[in-house]
Participant: 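The structure's right below; bear with me while I get my questions together.
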Protein chains: 4
Amino acid sequence: MAGVNKVILVGNLGADPEVKYLEGDNTVANLRMATTEAYKNRNGERVEQTEWHDLEMWGAQAKIAEQYLKKGSQIYVEGKIKTDIWQDEQGQNRYRTKIRVLSFTMLGAKPDGAGNQNTAQQAPQQRPASAAPTSAPKAQEMVTDTEDDDLPF
Amino acid sequence: MAGVNKVILVGNLGADPEVKYLEGDNTVANLRMATTEAYKNRNGERVEQTEWHDLEMWGAQAKIAEQYLKKGSQIYVEGKIKTDIWQDEQGQNRYRTKIRVLSFTMLGAKPDGAGNQNTAQQAPQQRPASAAPTSAPKAQEMVTDTEDDDLPF
Amino acid sequence: MAGVNKVILVGNLGADPEVKYLEGDNTVANLRMATTEAYKNRNGERVEQTEWHDLEMWGAQAKIAEQYLKKGSQIYVEGKIKTDIWQDEQGQNRYRTKIRVLSFTMLGAKPDGAGNQNTAQQAPQQRPASAAPTSAPKAQEMVTDTEDDDLPF
Amino acid sequence: MAGVNKVILVGNLGADPEVKYLEGDNTVANLRMATTEAYKNRNGERVEQTEWHDLEMWGAQAKIAEQYLKKGSQIYVEGKIKTDIWQDEQGQNRYRTKIRVLSFTMLGAKPDGAGNQNTAQQAPQQRPASAAPTSAPKAQEMVTDTEDDDLPF
DNA sequence: TTTT
DNA sequence: TTTT
């Protein structure tokens, strides 16, 4: 049966994206993103709670992230949860959960010389990874994942 | 700047899908869907509130809806809000808001002879509208919109 | 049965909020919000499509909107779809769909003298409508609906 | 600034809920939930990918889960991502990510003798944890978290 | 009517 | 007009 595995985040990057260029012309970007919640506790004191998320982007999307996003950038992210499980040397299960980003968009602050908010999604038909540089999406537009199904993730 | 316009619904169809075959080999399906909320009011009485939604599906997705969905079907829907505005004979603005479905999946009850729950999405690369019947998604899978950008909607 | 009726929007206000103070110490705010999508059509031309949404906020949330939001403000909104239906003088059904906001948060640009981004939600336990001004949420925090069930909406 | 940390899942439970009654009249339920995605790979073969999620529910919600949910139950879940980090005996960072459920609802198949679909949410004002048994939400309704802010999670 |  |  079909399931739904959807994550929606709004928050800020804790560091610049880390981008790796892999063999076979593939690119992956890893980002750390904070989402902060504020509320008043029983004593009426303001409490802030920050959750950190590991984001993973692939292909053209990763390159756009490298180009437009940096530490502090506020973004909207849509993706899905993926948990890696493996065994360490002691034979114990180890877990690491990340968000596979399907689309993102920059919020708020204008990029350096550029316009205002950016959105970078992985919108298949609309912005092919093979698109010429001039037609490439900017972070101000929704940047959608353009990857195929057989990539190693 | 990039925006987000996202709708997520879980509910039941009030009637069978209405499907129209248009010229140019295009298909559109219109569905009425109810989402029901239940809560207790100040007097502790249980109150039910039902909201009705007009759904619109195109192309292969519309055909899957016609084939698998019917009055009473429980579905999960993801889409976006679209409001049509026009002027009536009196020159007054008239409004009609519908949900342009981007993906859907059948929930719960198994279709007649078939497997378990269905999901029908509009997943571009994965399930092309041109796919052979045997490889067509069923309502038990996520059915995603496969339409192009230049269609009349 | 329980349904889901959820809307998530990111966009900008087309005008300042319109706030009405009703009898019985109730407040309602109406806002117009644009969500813009950009994509390339078949000819490779960039096309922009803007959808306009009618937002409705109540109570403390409405007051926060009045205080912090204005024309151009970029916000994240979570809410549900509500369609009003009535008959006009000709006896024809008239429809108007709005988004009943359950929580919102300001994005991007800092409010005038204030801190950073704002989020205003309707978070019941956390920020009661009866909270003293000093403990009131700002638009930089998530502002959640605090209303009761028996209000006229 | 205010952030958004939202998860939406539709899937099935891999086992009955595990419920623990804690001191101080607190209850916690842990559930394993699968979300399955199906797509065709480059060779046109149908591929299924299942992701497993650790859900955590508290208070009245946990009790409703214990009462109505079991292995195989199909549910809709809304929550937020929470990652626990600690150091193991080797001084290495260990991670475990779970979904703190804010609301859920049962989908599809009717519970044994009961009505149809269930939704169990954590809707504060509407269905207080202190509500009498007869007014308690069933899994067919949206079951919302009723917990306070100072609980240990 | 917003924003880029 | 669905569903419970």
Side-chain angles (χ1 to χ4, degrees), chain A residues 68 105-111 113-120 137-142, chain B residues 1-5 9-18 30-39 46-55 69-75 77 83 85 107-109, chain C residues 1-5 9-18 30-39 46-55 69-75 77 83 85 107-109, chain D residues 68 105-111 113-120 137-142:
Chain A
Y68 292 98
T105 187
M106 251 185 87
L107 301 170
K110 318 182 184 199
N116 206 342
Q117 301 79 214
N118 285 170
T119 318
K138 311 203 182 54
Q140 292 99 311
E141 297 176 11
M142 194 63 78
Chain B
M1 92 88 186
V4 174
N5 173 359
L9 305 174
V10 173
N12 300 274
L13 299 186
D16 292 349
E18 289 184 11
N30 291 283
L31 304 90
R32 283 288 277 177
M33 177 178 180
T35 57
T36 301
E37 219 183 331
Y39 59 90
R46 190 174 183 277
V47 181
E48 259 197 14
Q49 200 157 1
T50 293
E51 192 68 31
W52 287 95
H53 310 272
D54 287 313
L55 310 185
L69 304 183
K70 58 175 195 285
K71 181 175 173 173
S73 295
Q74 187 189 28
I75 58 175
V77 163
T83 298
I85 309 178
L107 302 169
Chain C
M1 90 89 185
V4 175
N5 173 358
L9 305 174
V10 172
N12 300 273
L13 298 187
D16 292 349
E18 289 183 12
N30 291 282
L31 304 91
R32 282 288 277 176
M33 177 177 182
T35 56
T36 301
E37 219 184 332
Y39 59 90
R46 190 175 184 276
V47 181
E48 258 195 15
Q49 199 156 3
T50 293
E51 192 67 31
W52 286 95
H53 310 270
D54 287 313
L55 311 185
L69 303 183
K70 57 174 196 286
K71 181 176 173 171
S73 295
Q74 187 188 31
I75 58 174
V77 162
T83 298
I85 310 178
L107 301 170
Chain D
Y68 292 98
T105 188
M106 251 185 88
L107 302 169
K110 318 183 184 196
N116 206 342
Q117 298 82 209
N118 283 173
T119 318
K138 312 206 180 57
Q140 292 99 312
E141 298 176 11
M142 193 63 77

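Numbered from 1 within each chain, the chains take letters A, B, ... in sequence-line order.
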Participant: Between atom NZ in Lys70(C) and atom P in dT2(E), what is the gap in whole Å?
Facilitator: 14 Å
Participant: What's the CD-P distance between Glu51(B) and dT2(F), to the nearest Å?
Facilitator: 16 Å
Participant: When only distance counts, do a donor and an acceptor, one from the side chain of Thr50(C) and one from the base of dT2(E), lie under 3.5 Å apart?
Facilitator: yes
Participant: How many Å lie between CD1 on Ile75(B) and P on dT2(F), as a whole number?
Facilitator: 15 Å
Participant: Taking the side chain as everything from C-beta on, heavy atoms only, tell me whether Leu13(B) gets closer than 4.5 Å to Met33(B).
Facilitator: yes
Participant: Rounded to the nearest Å, what distance is computed from the CE atom of residue Met33(B) to the P atom of nucleotide dT2(F)?
Facilitator: 15 Å
Participant: Not counting sequence neighbours, which residues clear side chain to side chain donor-acceptor pair (under 3.5 Å) with Asp54(B)? List them please.
Facilitator: Arg32(B), Arg96(B)
Participant: In whole angstrom, what separates Leu69(B)'s CG from dT3(F)'s P?
Facilitator: 14 Å
Participant: Could you give the CD-to-P distance, from Gln49(C) to dT2(E), as a whole number of Å?
Facilitator: 18 Å
Participant: Using the salt bridge (Lys or Arg N to Asp or Glu O under 4.0 Å) criterion, which residues pair with Asp16(B)? Sequence neighbours excluded.
Facilitator: none
Participant: In whole angstrom, what separates Leu9(C)'s CG from dT3(E)'s C1'?
Facilitator: 15 Å
Participant: For Gly72(C) and Asn12(C), work out which heavy atoms get closest and say how close.
Facilitator: O-OD1, 3.2 Å
Participant: Rounded to whole Å, please give me the gap between CG in Leu107(C) and C1' in dT2(E).
Facilitator: 14 Å
